[in-house]
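First the proteins, then the strands, lettered A, B, ... as listed; each starts at 1. Since we're looking at a predicted model, the values are computed, not measured.
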2 protein chains.
Amino acid sequence: MMGPTRNGAQLITNTQGSASGPQPADFTDVRATNLAVVLRFVRENAPCSRADIAASTGLNKATVSSLVADLIDRRLLRETGLTENRVGRPATMLVLDGSPYAAVGIEVNVDYLTAVAVDLKGEELLSWRRAFPGGSTSAGQAVAGIAGVARRVVNRMTKEARQVLGLTVAVPGLVDLNGSVRLAPNMGWRDVDLAGDLAKALRDPGFPVSADNDANLGALAELRFGSHGGAQNLVYLTGEIGVGAGVVLDGRLRRGGAGFGGEIGHIEIVPGGPPCHCGRHGCLEVVAGLGVLLGHSVSPAEVESEIDEVVQRAETGDEAVLAQLDTLAGNLGRGLGIVANLLNPEVVVLGGYYVKLAPWIVARAEQEMLSRSIAPGGGGCRLVVSGLGYGAAALGAAARVLDSVDSGRLPGV
Amino acid sequence: MMGPTRNGAQLITNTQGSASGPQPADFTDVRATNLAVVLRFVRENAPCSRADIAASTGLNKATVSSLVADLIDRRLLRETGLTENRVGRPATMLVLDGSPYAAVGIEVNVDYLTAVAVDLKGEELLSWRRAFPGGSTSAGQAVAGIAGVARRVVNRMTKEARQVLGLTVAVPGLVDLNGSVRLAPNMGWRDVDLAGDLAKALRDPGFPVSADNDANLGALAELRFGSHGGAQNLVYLTGEIGVGAGVVLDGRLRRGGAGFGGEIGHIEIVPGGPPCHCGRHGCLEVVAGLGVLLGHSVSPAEVESEIDEVVQRAETGDEAVLAQLDTLAGNLGRGLGIVANLLNPEVVVLGGYYVKLAPWIVARAEQEMLSRSIAPGGGGCRLVVSGLGYGAAALGAAARVLDSVDSGRLPGV
DNA sequence: TAGAGTTAGTTCGTCTAACGACCAAACAAA
DNA sequence: TTTGTTTGGTCGTTAGACGAACTAACTCTA
């Protein structure tokens, strides 16, 4: 048992906004904070009793009862059975109520679109993946297409009597802090107010609509659903045609001043190396991306099968392919060495196609990363492979919605 | 005037500790938060009246009166004169009380030691700089030496009737989250529990003692004392014999999982470049550090004068020196390009000897940085020179003490 | 089978601290 | 003077956490 964790001076700090002036607190904040504390506790320790919550959080039993009643009113918690065969009065166990709400995440990419809905527990309610000509239509048409999918997801949720808590869209590109896509080369987008346009297209949807970079959201997915021992400092790497990073430090996504952090794909790894579509040379994306294996002009639709072929050849011991994979891993490790030195995350998670290639790249890349880290043992940084599969960004988009609930924006009542 | 900034849903979140369990809030937290809000407001808007505070923070007038009374009791605020020649009742103006407290920062380095004390306003009370054989004594002796200086600073403060709020020591090396120095090659230290040993040497000093990396503390100094338009995302670069970075994102120092973040000095900038004392090649420290200008084995004591000579030669247009400076700037820009892409800070601040060299390196380095950034216009990232002078890390060490006050750990009563 | 012991959760009164409304003080302008 | 404006304090209200006492519901033991 953890025992009470109450620590004398509690710091209440505004982490989000930049210079948005002073942020005083009042009683409703205390309430919101404590409601969120209980909610998070139940999420991580379900099923548990009110007494468990009180003991572990340090909150008073009476307070916990009141908070739990509130959460039950809001249909966020549910009482399940009683404990049996124990000394003392049996406890009524509490679990998250999975049925009344849904969080929706949509990932758009050049050639496909993934939609995911999860309940409050994070359990997947639906997962759609379909071809989507994101790279070959106008942004307006793409937004219309995304809105169409969003409407169908929402309808489905409504049919299941679920209230949608929010919708987030993941985009491979630079997304600013307002959810406006400033640049998405692969999509051919520039200055598209995705969150705003989508909210407009959905006509007063009754839930918040936001957009973010796919790597950022992948990182959020790993933070919430990944099994990294509760690491609060992690970096997630997408391994699609482009390579991007999502940076989580001290338990929150760090986007930088304008929201453009994590753009690891175009840092220079091999000076004077092969040219990148961005106009520079030797970018990580070029020397540690799929292009190393597939040649530089594969159509998006072919990537999947081409990678499968690479995997097959690697399995049969094809020397040329193994050499390519080793080169890729080495270059990736160089990039990760930079990340380890600069950010000292507890774990770096490889996503996307890197997952399939993992058996041939992780060891080398990790060794390279650690050998380049100035901190002994890489400062404790591990390199692991994502277990979330292809929907990571979409899942992270949904996770972003759940995050806002977890941090005190409670629905209901 | 700003007008009320009260925003409906206030998020109260624990930013510091990692997985330290749930952190419920209670009334004392509300009080502490609001006291800190008022304190910060007065810091930034002094002199100001209670009415100003109420209007700008959204707190109730009565609440502000109560909070201000509390802060005056704690001798953190002081009433100054009344306003005159205005319609209505004259306001009693409030300012930070500079006299009763002091925050102490000490920076140790290979050959010198800097001690700084500031009052609550951040105004310098003393600034000592002296030779110190940090690189050529045992860690134990060094700690004793630091303790000696610390005692003298504390005595001086006591003589001025000031209470010392805390002491932080800046060290060029890897410092973990507990203030233990894990590795400081230049000092020849390894696993020295600096914060702990120093507290012991000071025998129950009655104030918290901590230690951190010099670059981290430099970044804190820039955050508090620098003039960067309130940028909440910044990276500070030390330009001593080694090069380190301090990373501030969303208004707080981000140290990574073990506290070893910001180690930019040993990321590989020129593969196969000149050897570094760390055993690797082409590290930023080697290709964009002072070694480029001074040759690789200058004794610490000579650095100052050697740099002055470089500056003189550059001023007279010495081609060879200008070429070296340009090379240095180019390499520095490469490293900063990585920082801009990965972290998207609003500003990168150059400290240490880079300040003297600024006229010949900033333009080139910034251009290089921006040209390497994938976000248009570098995502708004500017490269500037520190205005804080040599004592930056020591000043940041003191700033760290003030930060803890600003975030609610109030002294007095 | 009747306590005795143990654990869960509720009720009730207390206390902290923010808030809203009101008011007196102190000034400028008319 | 009178009127209006602004400051800052007082007072009663209210939200909500806390502590203690209490009830509920079980197991264990003699």
Q: Mind calculating the distance between CG (B:D70) and P (D:dG9) to the nearest angstrom?
A: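 Spelled out: CG on B:D70 to P on D:dG9 is 14 Å.
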Q: Give the rounded distance in Å between these two atoms: CG of A:D52 and P of C:dA8.
A: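 Nearest whole value for this atom pair: 7 Å.
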Q: Below the 4.0 Å mark, does D:dT7 have OP1 or OP2 next to a side-chain nitrogen or oxygen of B:T92?
A: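 B:T92 to D:dT7 OP1/OP2: no side-chain N or O under 4.0 Å.
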Q: With a 4.5 Å cut-off on side-chain heavy atoms, are B:R78 and B:L94 touching?
A: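 Heavy-atom side-chain distance check fails, nothing below 4.5 Å.
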Q: Whole Å only: how far is the CG atom of B:L67 from the P atom of C:dT16?
A: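 In whole Å, C:dT16 P and B:L67 CG are 16 Å from each other.
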Q: May I ask you to verify if any side-chain N or O of B:R50 is less than 4.0 angstrom from the OP1 or OP2 atom of D:dT6?
A: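 No.
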Q: D:dC28 C1' sits how many Å from A:R86 CZ, rounded?
A: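 After rounding, the reported distance stands at 16 Å.
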Q: Does A:R31 put a side-chain nitrogen or oxygen below 4.0 Å from OP1 or OP2 of D:dA17?
A: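 Yes, A:R31 has a side-chain N/O under 4.0 Å of OP1/OP2 on D:dA17.
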Q: Do the charged groups of B:D250 and A:R252 touch, with an N to O distance under 4.0 Å?
A: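 Result for this pair is no, no salt bridge flagged.
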Q: Walk me through whether B:H228 and B:E346 qualify under side-chain hydrogen bond (donor to acceptor under 3.5 Å, both in side chains).
A: CA-CA 9 Å; B:H228 314 298; B:E346 288 146 79; over 6 Å; no
Q: Roughly, in whole Å, what's the span from CG in B:L82 to P in D:dT6?
A: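 Spelled out: CG on B:L82 to P on D:dT6 is 17 Å.
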Q: Select base, sugar-phosphate, or nothing to describe what B:A91 touches, counting heavy atoms under 4.0 Å on all strands.
A: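 Counting heavy atoms under 4.0 Å across all strands, the contact made by B:A91 is with sugar-phosphate only.
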Q: Between B:Q23 (CD) and D:dA17 (P), how many Å, whole number?
A: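 It works out to 16 Å between those atoms.
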Q: Are B:S49 and D:dG8 close enough that a side-chain N or O sits under 4.0 Å from OP1 or OP2?
A: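 Yes, within the criterion.
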Q: Would you say that A:S99 contacts A:E160 through its side chain, given a criterion of any heavy-atom pair below 4.5 Å between the two side chains?
A: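 No, side chains not in contact.
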Q: The side chain of A:F27 is closest to which nucleotide in this list: C:dA26, C:dT7, C:dT16?
A: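 The closest nucleotide is C:dT16.
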Q: Considering just the side-chain nitrogens and oxygens of B:R89, establish if one lies under 4.0 Å of OP1 or OP2 belonging to C:dA28.
A: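 For B:R89, the contact criterion (side-chain N or O under 4.0 Å from OP1 or OP2 of C:dA28) is not met.
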Q: Whether the side chain of B:S180 engages the backbone of B:D176 through a donor-acceptor N/O pair (distance < 3.5 Å, no angle test) should be reported.
A: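 Judged by distance alone, no pair lies under 3.5 Å.
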Q: Would you mind reading off the distance between B:D29 atom CG and D:dA15 atom C1', rounded to a whole angstrom?
A: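 These atoms are roughly 16 Å apart.
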Q: Let me know which of A:R400, A:R43, A:R40 forms a salt bridge (charged side-chain N to carboxylate O under 4.0 Å, His left out) with A:D406.
A: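 Between A:D406 and the candidates, salt bridge (charged side-chain N to carboxylate O under 4.0 Å, His left out) is satisfied uniquely by A:R43.
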Q: Of the candidate nucleotides C:dA18, C:dT7, C:dG20, which contains the atom at the shortest distance from the side chain of B:N60?
A: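 The nucleotide sitting nearest to the side chain is C:dG20.
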Q: Does A:N34 put a side-chain nitrogen or oxygen below 4.0 Å from OP1 or OP2 of D:dG16?
A: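 For A:N34, the contact criterion (side-chain N or O under 4.0 Å from OP1 or OP2 of D:dG16) is not met.
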Q: Quick check on DNA chain D: between A:G88 and A:T63, whose nearest nucleotide comes earlier from the 5' end?
A: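 Closer to the 5' end of DNA chain D: A:T63.
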Q: Side chain of A:A62 only, please: which of C:dC12, D:dT27, C:dA8 is the nearest?
A: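 Closest of the options to the side chain of A:A62: C:dC12.
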Q: Which whole-number value in Å describes the distance from A:M93 CE to C:dA8 P?
A: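 One finds 9 Å between P of C:dA8 and CE of A:M93, rounded.
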Q: Select base, sugar-phosphate, or nothing to describe what A:S65 touches, counting heavy atoms under 4.0 Å on all strands.
A: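 Since a base atom lies under 4.0 Å of A:S65, the category is base.
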Q: Nearest of D:dC11, D:dC18, C:dA29 to any side-chain atom of A:L59?
A: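 My answer, after comparing the listed nucleotides, is D:dC18.
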Q: Under 4.0 Å between a side-chain N or O of B:T28 and OP1 or OP2 of C:dT16?
A: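 No, outside the criterion.
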Q: Checking contacts here: which listed nucleotide (C:dC19, D:dA21, D:dA17) is nearest the side-chain heavy atoms of B:D26?
A: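 For the B:D26 side chain, the nearest candidate turns out to be D:dA17.
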